[in-house]
Amino acid sequence: MQYEKLGNSDLEVSVVGLGTWALGSDFYGEVDDSQSIAAIRQAIDSGINLIDTAPPYGDGHSEEVVGEAIKGYREQVLIATKCGVYRDGAELVRDLSPSTIRKQVNDSLDRLGIDTIDLYQIHWPDTNVPLEETVAELEKLQEEGKFRYLGVSNFDKQLLEEITDLTNIVSLQPHYSLLQREIETEELPYCVEHNIGNLSYGSIGGGILTGKYDQPPEFDDDDKRSQFYPFYDEETWSQTLDLIDVMEEIAAEHNAPIVQVAINWVRQQEGITTALVGAKTPQQAKQNAGAADWDLSAAEIERLTKASNKVIK
Ligand SMILES: NC(=O)c1ccc[n+]([C@@H]2O[C@H](COP(=O)([O-])OP(=O)(O)OC[C@H]3O[C@@H](n4cnc5c(N)ncnc54)[C@H](OP(=O)(O)O)[C@@H]3O)[C@@H](O)[C@H]2O)c1
């Protein structure tokens, strides 16, 4: 495993991190908790030290599973969770009001069974609450020791500018992969310039960039993947298969699985600190962590970027 400093914090994070959205066991297919715990422990054994979760993942269940899995491993892991989105049944509600954040941080600490969150991230912007009010409450919570560092997720450049005028943030968590590169024009350069780290999510397109699908997968109606990662519609699907052909050739040259090519392309981009990758099984966790055992060459990165350009309009 390789480790990098996260932005201007003193956190040394693994360049592959573990995402635990799926471990909430809803909206992402069903998962078995004992399998999830085994996946988290395998990730830790493989050198991953950054685990990302959030209250809406399984309406708190993902945080509970993470809490259970890290019992006895607290010193080896950095826990990242989020505020500002909660569940109302199947609905996701955005709410960055001070009272909601205060409740959420305490609930997260209880579910995770820890005293302090290492990285607390604003999950999504909430246009109904002035950012100043949100930040003032977050700074109080930080002073109270509820969390160590503040990060944001899904913020565009304008919001990044607004929040960096108000307070210190160490990271952005954006959607970023060979199939989703919007942040390259504004947000990523802004972060590089201001020493803000990046934890990419959807780094393997929700699974599609493993190359495991010959046909577009059919997810259950309540599975959010096809909405959230809309790569399965024609004509994106056929173009993605062409991209995967290129990935397969490069993977074969390294005697590595395709998924590691997807992860390495992301984590080796300037400004990306960690590629967050979800894993439902110990096998997936180990394979994903293994990406950090080797690097793509500059020529391979360029070849992949060119292949990605043909998919991304
Ligand atoms: N901030 C945000 O708004 C936001 C949004 C989305 C995600 N996130 C975070 O980012 C993390 C990563 O994103 P993600 O989990 O949505 O998507 P992802 O990492 O692109 O894909 C993860 C899924 O791919 C499949 N997979 C993983 N490794 C595999 C392997 N080696 N071989 C075959 N299949 C494999 C698994 O599902 P199957 O086995 O079912 O195929 C897994 O659940 C999340 O878990 C979450 O922590 C944040």
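If you're wondering where the values come from, they're calculated on a predicted model, not measured in any experiment. Positions are given from 1 along the sequence. Atoms within a ligand are numbered from 1 in the order they appear, just like the ligands themselves.
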For the pair D115 and R74, find out whether any cationic side-chain nitrogen is under 4.0 Å from an anionic carboxylate oxygen.
no
I'd like to know if E144 pairs up with K140 as an ion pair, taking the criterion as any Lys NZ or Arg NE/NH1/NH2 lying under 4.0 Å from an Asp or Glu carboxylate oxygen.
no
If you measure only the distance, is there a donor-acceptor pair under 3.5 Å linking the side chains of Y229 and Q180?
no
Would you say the side-chain atoms of R181 and S308 include a donor-acceptor pair closer than 3.5 Å?
yes
Would you kindly check if the NZ (Lys) or CZ (Arg) of K157 is within the cone defined by 45 degrees around the ring axis of Y190 and under 6.0 Å from the six-membered ring centre?
no
How about F228 and F27: are their ring centres within less than 6.0 Å of each other?
no
What does the 4.0 Å heavy-atom contact list look like for ligand 1?
G19, T20, W21, A22, Y28, D52, Y57, K82, H123, W124, S153, N154, Q173, Y201, G202, S203, I204, G205, G206, G207, T210, K212, Y213, R225, F228, Y229, V259, L276, V277, G278, K280, Q284, Q287, N288
